[in-house]
Amino acid sequence: MTADLSHRGRAANLARMASETFNVAVVGGGIVGAAIARDAALRGLKTALIDKGDFASGTSGKTSRLVHGGLRYLKNGKIRLVRTAVRERDLLLRRAPGLVWPLAFTLPAYRGRGAGPLSLRLGLLLYDALSRDKVLPRRAWLDAASTLAREPQLSPDALRASGRYHDALTDDARLVLAVVRAAADAGAVAANYAEAIDLAKEGGSVVGVHVRPRLVAAEPFLLRAPVVVNAIGVWLTAPYAAGVPARPLRPTKGIHIFVPRDRVGNREAVVLTSPRDGRMLFVLPWGRLALVGTTDTDHRGDLNAPVPEAADVDYLLDAVNATFPFARLARADVVSAYAGLRPLLGSTATRESDVSREHEIFESPDGLLSIAGGKLTTMRAMAEEVVDRVCVRLGRSGPRATREADLGPPPEARERFRALGLDDATAEHLGCRHDPETLARFLSEPRARERVDPELPFVWAEVDAAVEAEMAQTLADVMVRRLGLFYESMDQGRTVAPLVAARIAPRLGWTADRVTEEIRAYGALIDDHRRFREDHGR
Ligand SMILES: Cc1cc2nc3c(=O)[nH]c(=O)nc-3n(C[C@H](O)[C@H](O)[C@H](O)COP(=O)(O)OP(=O)(O)OC[C@H]3O[C@@H](n4cnc5c(N)ncnc54)[C@H](O)[C@@H]3O)c2cc1C
């Protein structure tokens, strides 16, 4: 079944949520909530999924975009965590080949900086050994000359050797959207911009959750379900969750920057060591850009709008400039920057980066489950564990189904886009973002095959699909999470935003005032994410 994820479908879903009774209500449409809804729906449970904002608008859309085991956690002895993540990575490579791609890494060993060759070699040996399926090429150890042949722009000073290994890359927001789509196609009833404001209890048991639809003036309603799952990430510390039993969370902030790749010169992914504190960072290839991350600092500000600060940006720039001496990057070179909050479980560990990445499930006798922690990569395994417990609570025995279920565009998507008459670059781009059957519905619309930004392969059909098949409700939903022009366009999409707003306005029934407001709000979002440039310094 192909679920209707247009704004009409959303309205119909909200009406169903207000009038029907569900087996389970999932609160939070980040990767974890989406994966739980998918798992539950595939087991035949009547499932509702809500998010107070857009799907993937929380941490899940602001990650390093890695589907990985987390090599650096081996240093902290987190073998079990790394083993689970490596195996989930391998599974995603097989089950979601359109969304998750292999990526080669160079891990340089410099004299006097970071870990030495012996511990790096041991780490890589263990990392490979933890993978059961061996879907990725094995590690290799390269001397300095071979390292520089692979990554010629690396600093040769004090370079001893490097490890070469593989992990995987994804577009995090697109991954979440694909999981929401899979959940909905399996029968889950999903709506974004629907906030859980209070738990509903009768006789000491949870009977559902009170929901307030957002964006339009609408009365709150009771979403009825005997089991409620909170997958609200860092918002477990927000007022809605005040009565939710859980260990304290320690939100830590991580920022990323996109910079022109030709300035850095990295061919593939490179692991950096911060010259300031020895932390491990990444520079990843993303088309003509390089993605650099990340930081890890305690966050005490607003949970809803974390932004990159100048000191965070400088920290990343220093790390790139130290390893790629010709880059000479300054703040003005940053194309875009973003910040996300890790929902880490409280710890007395002194360094933020030492706080555990493991997840934890909190269950209370009244029918409430909450989950926090974990990784984008391990979402399927986390969801399976949660839904096992939901089934026990409901006295149901739905067989587990996600391990065998495919996700996202099929492997032959690129060929099918070519067969639809699209050029190679466009077919390549669309093949890792869209199901050809769905996008084909929009390819005969006016200018559908033309580029939105002449420099980038995004086409107008994707804008139409965003609102008609991916539940985009605002201009930012389209620009940030459906297309990604916010990150990749040299002006973050400021120039084309009015054109995009004009295109989606009739589909979403927007008035002229609403169009103006959407363009203003998007401009303000860009400004907030560029404010770091105004700080004194470079
Ligand atoms: C900087 C950074 C980099 C990372 N990089 C990686 C990586 O490369 N690979 C990896 O595997 N992991 C990575 N992670 C970890 C991973 O991103 C997170 O563990 C994961 O995204 C958490 O997902 P979540 O669904 O729990 O939270 P979120 O994505 O934050 O989702 C929670 C959702 O709940 C919604 N919500 C909150 N309150 C309510 C309410 N009252 N009603 C309705 N909805 C509500 C929010 O709007 C939000 O969308 C990274 C994390 C950070 C911060």
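Counting starts at 1 for both ligands and their atoms, following the listed order. Side-chain atoms are counted along with the backbone in the values below, which use heavy atoms only and exclude waters and symmetry mates. Please read all numbers here as calculations on a predicted model, not as lab measurements.
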**Q** Pick from Asp296, Thr63, Thr59: which one makes a side chain to side chain donor-acceptor pair (under 3.5 Å) with Arg342?
**A** Asp296

**Q** Can you tell me which residue among Asp167, Thr170, Thr377 is in a side chain to side chain donor-acceptor pair (under 3.5 Å) with Arg89?
**A** Asp167

**Q** Looking only at heavy atoms, what is the nearest atom pair of Gly29 and Asp51, with distance?
**A** N-OD2, 2.6 Å

**Q** What residue and atom, counting heavy atoms only, is the protein's closest point to atom 31 (O) of ligand 1, and at what distance?
**A** Gly30 CA, 3.4 Å

**Q** Do Val67 and ligand 1 have an N or O pair less than 3.5 Å apart?
**A** no

**Q** Of the backbone atoms (N, CA, C, O) and the side-chain heavy atoms from C-beta on, which set of Ala34 has a member under 4.0 Å from an atom of ligand 1: side chain, backbone, both, or neither?
**A** neither

**Q** Report yes if some N/O of Leu376 lies less than 3.5 Å from some N/O of ligand 1; otherwise report no.
**A** yes

**Q** Looking at Arg482, Arg433, Arg481, which hits salt bridge (Lys or Arg N to Asp or Glu O under 4.0 Å) with Asp171?
**A** Arg433

**Q** Is Thr294 in polar range of ligand 1, meaning some N or O pair under 3.5 Å apart?
**A** no

**Q** Could you go step by step and tell me if Phe22 and Glu20 meet the side chain to side chain contact (heavy atoms under 4.5 Å, CB included) rule?
**A** CA-CA 7 Å; Phe22 292 79; Glu20 299 177 17; 4.1 Å; yes

**Q** Is the shortest N/O to N/O distance between Gly374 and ligand 1 below 3.5 Å?
**A** yes

**Q** Can you find an N/O atom of Ile255 closer than 3.5 Å to an N/O atom of ligand 1?
**A** no

**Q** Is there at least one pair of N or O atoms, one from Thr252 and one from ligand 1, spaced under 3.5 Å apart?
**A** no

**Q** Purely on distance, is any nitrogen or oxygen of Ala56 under 3.5 Å from one on ligand 1?
**A** no

**Q** Please determine if Asp51 has a nitrogen or oxygen closer than 3.5 Å to a nitrogen or oxygen of ligand 1.
**A** yes

**Q** With no hydrogens and no angle check, do the side chains of Glu385 and His359 hold a donor and an acceptor under 3.5 Å apart?
**A** yes

**Q** If we check side chain to side chain contact (heavy atoms under 4.5 Å, CB included) with Leu329, which of these qualifies: Leu317, Val334, Asp318?
**A** Leu317

**Q** Does Arg342 reach ligand 1 with a nitrogen or oxygen that is under 3.5 Å from one of the ligand's nitrogen or oxygen atoms?
**A** no

**Q** Does an N or O anywhere in His256 fall below 3.5 Å from an N or O of ligand 1?
**A** no

**Q** Tell me whether ligand 1 is touched by Lys62 - counting only heavy atoms on the residue side and a distance under 4.0 Å.
**A** yes

